[in-house]
Enquirer: 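Just dropping this structure here.
Counting starts at 1 for both ligands and their atoms, in listed order.
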Amino acid sequence: MKEYEPIYVTKPFLPPLEEFQEYLEHIWSTKQLTNKGTYHDMFEKKLAEYLDVKYVSLFSNGTLALISALQALRITGEVITTPFSFVATTHALHWNGIKPVFCDIDPVSYNLDPQKIEAAITPKTTAILPVHVYGNPCDIAKIQDIAGIYGLKVIYDACHAFGVTINGNSILNFGDLSVLSFHATKIFTTFEGGAIISHDEVTKKRIDFLKNFGFAGETTVVAPGINAKMNEFQAALGLLQLNYVDQSIEKRKKIAEYYRLNLSRLPGITCLEDVPGVRHNYAYFPILIDKEQYGKSRDELYDALKKNGIFSRRYFYPLISQFPTYKGLESAQPGNLPTAEEITQKVLCLPIYPDLELDRVMQVINQIRGHKHYTKKRGSLA
Ligand code: T4K
């Protein structure tokens, strides 16, 4: 019975299989599987057009793209970053031998709080690595101001921010570099995949050398690069996905609106609001649960939903700063990150993906409403 099928936090959108078949036949006939094939180059060009950015360098995944972005700009020493993200953000620093310096987040956007960045700068700081978490834009103007004053590079982890624009301008056009992920759980997927967005040809070239072992020609190696190339299968899927991504975002938007309509007035539940002038991509639908008012904690609701076949996720809990590799750092101490510590305890990401029907969304909403405590003192449920 449909009603009892589990609902996951996300499900990738895939184009009709027949359409992919044509691409597979081409790959089978040419035997070009990877290493800057036809689809790779076509996708790189088409993606840059779609995103309205100057240069795209395709990668096999977002993590290798992040690691390579830091290499490309020769970032060393210390980098200021957010603890409220997926672990890959900080791991990319670690893999480059860079010390992460955690800075607290803003209570409304959940992104790096620009007011707190300056206090984290030391003589060893070389860059800022903010994340547009849930695809919600960082305060790019303030971050750029600080970077300009202190001579720091800015690399945006834009893994959640595919297709997001501010006043019609792609969010990827800000900072020195931006990194995308096309993982299966992202709004735009190439199975696994990622990209670095750069703004000048020299940087783009260096990035392309780095993702191909540092090769600048058949016998010339200009840097200790890595193998992070996107293959032809991924690129072919990417080309097809470009035809569907706007439609996917529209469907996600409807689901987000439905959630907001039905949840935002529920005591103890806070929904993240749209920001004026921003085209959002609705990659995630996070809510905050206030135990005092809702009557149940985030974890109690998470468990209750799970028992009913609804697999929400606690993105991002625990904070990256709480993982063993990082928790000993001075900047990782909870007292330094009060807002992040609060949000990570309250946040829950609800299921959202293009094929999620509204009656299934209503099922999630009803569960959340149903688990609200009825207490005489607070009156009945809204
Ligand atoms: N920076 C940020 C800010 C990121 O969020 C990420 C990745 C990165 C960097 C690194 O980019 P990549 O190197 O991954 O390109 C997932 C993803 O593995 C990860 O890519 C993503 N962020 C992170 C936010 O979420 P999990 O452990 O939550 O995924 P998983 O496997 O539990 O999947 C969640 C649900 O999605 C499943 O319950 C069902 C559905 N699903 C998942 C997969 C993999 C499918 O229906 N099909 C699938 O193939 O980490």
Enquirer: What residue and heavy atom of the protein are closest to atom 49 (O) of ligand 1, and at what distance?
Expert: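 Atom 49 (O) of ligand 1 sits closest to the protein heavy atom A184 CB, 3.5 Å.
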Enquirer: Could you tell me if Y317 and Q322 have a donor-acceptor pair between their side chains, going purely by distance under 3.5 Å?
Expert: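 Looking only at side-chain atoms, Y317 and Q322 do not form any donor-acceptor pair under 3.5 Å.
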Enquirer: Using heavy atoms and a 4.0 Å limit, tell me yes or no: is F84 in contact with ligand 1?
Expert: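 Not so, F84 does not reach ligand 1.
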Enquirer: In the structure I gave you, are the side-chain heavy atoms of Q32 and I27 within less than 4.5 Å of one another anywhere?
Expert: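 Q32 vs I27: side chains apart.
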Enquirer: Consider every N or O of G62 and every N or O of ligand 1, then say whether any pair is closer than 3.5 Å.
Expert: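 G62 vs ligand 1: N/O contact under 3.5 Å present.
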Enquirer: Counting only heavy atoms on the protein side, is anything nearer than 4.0 Å to atom 37 (C) of ligand 1?
Expert: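 No, no protein heavy atom sits under 4.0 Å from atom 37 (C) of ligand 1.
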Enquirer: Could you tell me the residue and atom name of the protein heavy atom closest to atom 39 (C) of ligand 1, and the distance to it rounded to 0.1 Å?
Expert: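 It is T10 O, 3.8 Å.
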Enquirer: In the protein, which heavy atom is nearest to atom 35 (C) of ligand 1, and how far is it?
Expert: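 Checking every protein heavy atom, the shortest distance to atom 35 (C) of ligand 1 gives V9 CG1, 3.9 Å.
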Enquirer: Would you kindly say whether Y244 and E19 are connected by a side-chain donor-acceptor distance under 3.5 Å?
Expert: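 Yes, a side-chain donor-acceptor pair sits under 3.5 Å.
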Enquirer: Judged by non-hydrogen atoms, does G194 sit under 4.0 Å from ligand 1?
Expert: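 The answer is no, since G194 has no heavy atom less than 4.0 Å from ligand 1.
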Enquirer: Look at atom 31 (O) of ligand 1 and say whether a protein heavy atom is found at less than 4.0 angstrom from it.
Expert: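 Flag for atom 31 (O) of ligand 1 set to false, no protein heavy atom closer than 4.0 Å.
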Enquirer: Looking only at protein heavy atoms, identify the closest one to atom 44 (C) of ligand 1 and say how far it is in Å.
Expert: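 For atom 44 (C) of ligand 1, the nearest protein heavy atom is H183 CE1, 3.8 Å.
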Enquirer: What atoms of ligand 1 come within less than 4.0 Å of a heavy atom belonging to T63?
Expert: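 Result: 10 (C), 11 (O), 12 (P), 13 (O).
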Enquirer: From the options F59, F86, F182, select the one whose nearest heavy atom is closest to atom 6 (C) of ligand 1.
Expert: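 When every heavy atom of F59, F86, F182 is considered, F86 comes closest to atom 6 (C) of ligand 1.
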Enquirer: I need the atoms of ligand 1 closer than 4.0 Å to a non-hydrogen atom of R313, numbered in the order shown.
Expert: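 Counting from 1, the qualifying ligand atoms are 26 (P), 27 (O), 28 (O), 30 (P), 32 (O), 34 (C).
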Enquirer: Is it the case that the side chains of T185 and H183 hold a donor-acceptor pair, with the cut-off being a distance below 3.5 Å and no angle test?
Expert: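 Per modelled atom types, H183 and T185 side chains form a pair under 3.5 Å.
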Enquirer: Of the non-hydrogen atoms in I365 and Y259, which two are nearest, and what is the gap between them?
Expert: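 Reported closest heavy-atom pair: CG1-CD2, 3.8 Å.
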Enquirer: Could you tell me whether the side chains of D157 and T89 share a donor-acceptor contact shorter than 3.5 Å?
Expert: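 Present: a donor and an acceptor within the cut-off.
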Enquirer: What is the nearest protein non-hydrogen atom to atom 46 (O) of ligand 1, stated with its residue, atom name and distance?
Expert: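 I find the closest protein heavy atom is P12 CD, 3.2 Å.
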Enquirer: Can you tell if the side chain of L350 reaches within under 4.5 Å of the side chain of L263, non-hydrogen atoms only?
Expert: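 Yes. Closest side-chain heavy atoms under 4.5 Å.
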Enquirer: Judged by non-hydrogen atoms, does A92 sit under 4.0 Å from ligand 1?
Expert: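 No, that is not the case, since the closest heavy atom of the residue is not under 4.0 Å from the ligand.
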Enquirer: Specify side chain, backbone, both or neither for D157, according to which of its non-hydrogen atoms lie closer than 4.0 Å to ligand 1.
Expert: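 Under 4.0 Å from ligand 1, D157 contributes side-chain atoms alone.
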Enquirer: Could you tell me whether Y156 and H132 have their ring centroids closer than 6.0 angstrom?
Expert: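 When the ring centroids of Y156 and H132 are compared, they turn out to be within the sub-6.0 Å range.
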Enquirer: Among the heavy atoms of K186, does any lie under 4.0 Å from an atom of ligand 1?
Expert: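 Yes, that is the case, since the closest heavy atom of the residue is under 4.0 Å from the ligand.
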Enquirer: Any idea which protein heavy atom is nearest atom 5 (O) of ligand 1, and the distance to it?
Expert: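 Answer, as residue, atom name and distance: H160 NE2, 2.7 Å.
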Enquirer: One residue to check: Y315. Relative to ligand 1, which of side chain, backbone, both or neither has a non-hydrogen atom less than 4.0 Å away?
Expert: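 Under 4.0 Å from ligand 1, Y315 contributes side-chain atoms alone.
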Enquirer: According to a hydrophobic-cluster definition based on side-chain heavy atoms being under 4.5 Å apart (Ile, Leu, Val, Met, Phe, Trp, Tyr only), do V133 and V275 belong together?
Expert: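 In one cluster: no.
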Enquirer: Any salt bridge linking D200 with K54? Criterion: basic side-chain nitrogen under 4.0 Å from a carboxylate oxygen.
Expert: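 The answer is no: the pair does not qualify as a salt bridge.
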Enquirer: Which ligand 1 atoms are under 4.0 Å away from a heavy-atom of G193?
Expert: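 Per the distance check, 15 (O).
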Enquirer: Taking only heavy atoms of A88 into account, list the atoms of ligand 1 that are under 4.0 Å away from them.
Expert: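 Near A88, meaning under 4.0 Å from one of its heavy atoms, ligand 1 has 8 (C), 9 (C), 10 (C).
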Enquirer: Between the side chains of R260 and D274, is the shortest nitrogen-to-carboxylate-oxygen separation below 4.0 Å, so that they form an ion pair?
Expert: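 Yes, this pair counts.
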Enquirer: For atom 42 (C) of ligand 1, find the nearest protein heavy atom and state the residue, atom name and distance (0.1 Å precision).
Expert: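 Result: T185 CG2, 3.8 Å.
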Enquirer: Just which atoms of ligand 1 are under 4.0 Å from any heavy atom in Y284?
Expert: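 Listed by number with element: 24 (C).
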Enquirer: Just to check, does Y8 reach to within less than 4.0 Å of ligand 1 when the distance is taken from its heavy atoms?
Expert: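 Yes, that is the case, since the closest heavy atom of the residue is under 4.0 Å from the ligand.
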Enquirer: Between D52 and S170, is there a side-chain donor-acceptor contact under 3.5 Å, judged purely by atom types and distance?
Expert: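 Their side chains do not contain a donor-acceptor pair, so the 3.5 Å distance test is not met.
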Enquirer: Counting only pairs under 3.5 Å, give me each side-chain donor-acceptor contact of residues 139-148, with atom names and distances, residues two or more places apart or in other chains.
Expert:
{"unit_1": "D139", "atom_1": "OD1", "unit_2": "K142", "atom_2": "N", "d": "3.3"}
{"unit_1": "D139", "atom_1": "OD2", "unit_2": "K142", "atom_2": "NZ", "d": "3.4"}

Enquirer: Is it the case that the side chains of N61 and E192 hold a donor-acceptor pair, with the cut-off being a distance below 3.5 Å and no angle test?
Expert: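 Short answer, no.
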Enquirer: Quick one: are K211 and F59 in side-chain contact, heavy atoms under 4.5 Å?
Expert: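 In short, these two side chains touch, coming nearer than 4.5 Å.
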Enquirer: Among protein heavy atoms, which lies nearest atom 15 (O) of ligand 1, and at what distance?
Expert: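 Residue, atom and distance for the closest contact: S181 OG, 2.7 Å.
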Enquirer: Against heavy atoms of S85, which atoms of ligand 1 measure under 4.0 Å?
Expert: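 This gives 3 (C) as the contact atoms.
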